[in-house]
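Below is one structure, written out as structure tokens; comments come after it.
Given the structure is predicted, the values throughout are model-derived calculations rather than measurements. Numbers here are sequence positions counted from 1. For the numbers below, each heavy atom of this structure counts, side chains included, while hydrogens, waters and symmetry mates do not.
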Amino acid sequence: MSRIGNKAITIPAGVEVSVADGNEVTVKGPKGTLTRKFSPLMAIEINENVLTVKRPDEEKHTKQLHGTTRALIATMIEGVSKGYAKTLKIVGIGYRAALAGSKLTLNVGFSHPVDFTVPEGLEVKVPDANTIQISGIDKQLVGQFAAVVRSIKKPEPYHGKGILYDGEHIRRKEGKTAAAKK
């Protein structure tokens, strides 16, 4: 973890980073603002558009915090400048998604539709009935919401039906007929 923590973060143009009392880091960029409080053990310094995170000692716990703190700040900076996005594909006959305001509705083979309320800070688009695009500035929030939606109907290996990430490969299995052919 210490190798990651020792890397300096270059702050891109158009992004402002400020460190307040108690290591509360605020990152403002063209896409929005993120704020997060970090451990007071870490020393966060900004010099001429370069942010560095320093640790006080060589204990295992502080080394772990060092790398984690640096990685979280780097994702905050990337989020407010570029943003994060995940695309989900729905595979199956009659499976579809619909968006009405801030309510995402999935019909994925159950006797009832499954509804989700889109969290604050996320933008969800449904360009067609079998595609869901989730985007936002908080990497954790985008990934968590995508994982929750996917968990409703995970892809299964026999027919390949379910909700999967764009580009995800499902390892297919043969059915029971494979044993009968011998």
Measuring from [X]:[atom1] to [Y]:[atom2], what's the distance to the nearest 0.5 Å?
{"X": "Lys103", "Y": "Asp115", "atom1": "NZ", "atom2": "CG", "result": "4.0 Å"}
{"X": "Ile46", "Y": "Ile11", "atom1": "CD1", "atom2": "CD1", "result": "5.0 Å"}
{"X": "Thr62", "Y": "Lys54", "atom1": "OG1", "atom2": "NZ", "result": "15.0 Å"}
{"X": "Leu104", "Y": "Lys125", "atom1": "CG", "atom2": "NZ", "result": "14.5 Å"}
{"X": "Ile73", "Y": "Asn23", "atom1": "CD1", "atom2": "CG", "result": "8.0 Å"}
{"X": "Arg96", "Y": "Leu106", "atom1": "CZ", "atom2": "CG", "result": "10.5 Å"}

Please test Thr87 against Ile134 for side-chain contact (heavy atoms from CB on, under 4.5 Å), starting from the C-alpha separation and ending with a verdict. CA-CA 6 Å; Thr87 302; Ile134 303 166; over 6 Å; no
Residue pair [X] / [Y]: nearest heavy atoms and the distance that separates them:
{"X": "Gly109", "Y": "Tyr95", "value": "N-CE1, 3.6 Å"}
{"X": "Leu41", "Y": "His61", "value": "CD1-CD2, 4.5 Å"}
{"X": "Ile44", "Y": "Val25", "value": "CD1-CG2, 3.7 Å"}
{"X": "Gly136", "Y": "Val142", "value": "N-CG2, 3.6 Å"}
{"X": "Pro12", "Y": "Ile77", "value": "CD-CG2, 3.6 Å"}
{"X": "Leu65", "Y": "Ser39", "value": "CD1-OG, 3.7 Å"}

If Ile, Leu, Val, Met, Phe, Trp and Tyr residues are connected whenever their side-chain heavy atoms lie under 4.5 Å apart, and connections chain through other members, are [X] and [Y] in the same group?
{"X": "Phe116", "Y": "Val118", "value": "yes"}
{"X": "Leu141", "Y": "Val148", "value": "yes"}
{"X": "Val108", "Y": "Val91", "value": "no"}
{"X": "Val50", "Y": "Val80", "value": "no"}
{"X": "Leu51", "Y": "Val15", "value": "yes"}

side-chain contact (heavy atoms from CB on, under 4.5 Å) partner of Pro155, chosen from Lys89, His169, Arg150, Lys161: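 Going through Lys89, His169, Arg150, Lys161 one by one, the side-chain contact (heavy atoms from CB on, under 4.5 Å) with Pro155 is satisfied by Arg150 alone.
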side-chain contact (heavy atoms from CB on, under 4.5 Å) assessment of Thr105 paired with Val114: CA-CA 6 Å; Thr105 304; Val114 181; over 6 Å; no
Ring of Tyr165, cation from Lys86 - is the NZ or CZ under 6.0 Å from the centre and inside 45° of the axis?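 Yes.
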Report yes or no: is the cationic atom of Lys153 (NZ for Lys, CZ for Arg) under 6.0 Å from the centre of the six-membered ring of Phe110, at an angle within 45° of the ring normal?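 Positive - Lys153 is close enough to the ring of Phe110 and near enough to its axis.
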Got a donor-acceptor contact below 3.5 angstrom from the [X] side chain to the [Y] backbone?
{"X": "His66", "Y": "Met42", "answer": "no"}
{"X": "Asp128", "Y": "Thr131", "answer": "yes"}
{"X": "Glu78", "Y": "Ser81", "answer": "no"}
{"X": "Tyr84", "Y": "Thr75", "answer": "yes"}

Using a strict cut-off of less than 4.0 Å between a Lys/Arg side-chain nitrogen and an Asp/Glu carboxylate oxygen, indicate whether [X] and [Y] qualify as a salt bridge.
{"X": "Glu123", "Y": "Lys31", "answer": "no"}
{"X": "Arg36", "Y": "Glu24", "answer": "no"}
{"X": "Lys63", "Y": "Glu58", "answer": "yes"}

Please check if atom [atom1] in [X] has more than 12 non-hydrogen atoms from other residues, nucleotides or ligands closer than 6.0 Å.
{"X": "Glu168", "atom1": "CD", "answer": "yes"}
{"X": "Gln140", "atom1": "CD", "answer": "yes"}
{"X": "Lys37", "atom1": "NZ", "answer": "yes"}
{"X": "Arg172", "atom1": "CZ", "answer": "yes"}

Run the side-chain contact (heavy atoms from CB on, under 4.5 Å) check on Thr33 and Thr26 step by step: do they pass? CA-CA 7 Å; Thr33 304; Thr26 303; 3.8 Å; yes
Report the C-alpha separation of Lys154 and Ile163 in whole Å, then their side-chain angles, then the decisive distance to 0.1 Å, and conclude whether the side-chain contact (heavy atoms from CB on, under 4.5 Å) test is met. CA-CA 6 Å; Lys154 288 185 180 176; Ile163 303 171; over 6 Å; no
